[in-house]
Amino acid sequence: MKQIFHQILYSLMALLVLASTVSWTVDKHICMGRVMDISLFAHADDCGMDMDMETSCCDEESFTVQGQDDLKIALEKFDLGQQVFLVSFVQTYFQLFDLDSDEPSTFNAYNPPPLIRDVQVLDQIFLI
């Protein structure tokens, strides 16, 4: 279960890095105030009306979301308080998932006594 969780987390982080580094351009064709076509990777198709007229009812809109170019974060940019917080957070986070504890169990060699009769039922003693 832990390995599956880590694989899902790694995949989501890879997609996040990919989405943040790629630039996205969205084109919209608007005719008479209504959006006729939206395109993510190519030029938006027009509605078929002639856009060469002086009073054209159509409009083209385009906006670009720029991706990041520099993804390397230097620890020198953090002040001492941020570095202490980052190191302590990472250490406690990894200790949270440390399930392989070597604590000795004292009940491994213990065999319970054989149940011959149920004493609680025989004596009518019940915990409420």
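Keep in mind that this is a model prediction, so the values were computed, not measured.
Counting heavy-atom neighbours within 6.0 Å of Leu122 CG, excluding the residue itself, gives a total above 12.
One distance of note links OG of Ser20 with CG of Leu15; it measures 10.5 Å at 0.5 Å rounding.
A pairwise comparison of heavy atoms in Ser39 and Ala42 identifies OG-O, 2.6 Å as the closest pair. Annotation for Met36 and Cys31: closest pair CG-CB, 3.5 Å, computed over non-hydrogen atoms.
Taking 4.5 Å as the limit, every side-chain heavy atom of Leu86 sits out of range of all side-chain heavy atoms of Gln82. In this structure, the side chains of Ser62 and Thr25 come closer than 4.5 Å at one or more pairs of heavy atoms.
Clustering ILVMFWY residues whenever any of their side-chain heavy atoms sit less than 4.5 angstrom apart, transitively, puts Val35 in the very cluster that holds Leu40. In this structure, Ile30 is a member of the same hydrophobic cluster as Phe63, with clusters built from ILVMFWY side-chain heavy atoms closer than 4.5 Å. Residues Leu96 and Val90 fall within the same hydrophobic cluster, defined by Ile, Leu, Val, Met, Phe, Trp and Tyr side chains chained together at heavy-atom separations under 4.5 Å. Cluster annotation: Tyr93 is not connected to Ile8 through the hydrophobic network of ILVMFWY side chains, with a link wherever side-chain heavy atoms come within less than 4.5 Å.
Using a 30° and 60° split on the angle between ring planes, Tyr10 and His6 fall in the tilted class, from 30° to 60°.
With respect to Val26, the side chain to side chain contact (heavy atoms under 4.5 Å, CB included) criterion is satisfied by exactly one of Val65, Ile38, Thr64: Ile38.
Checking side-chain atoms of Asp37 against main-chain N and O of Asp45 turns up a donor-acceptor pair under 3.5 Å.
Checked against side-chain contact (heavy atoms from CB on, under 4.5 Å), Val22 has the following partners two or more places apart in sequence or in another chain: Leu18, Trp24.
Among residue pairs with one or both ends in residues 7-29, those qualifying as salt bridge (charged side-chain N to carboxylate O under 4.0 Å, His left out) are Lys28-Glu61; sequence neighbours excluded.
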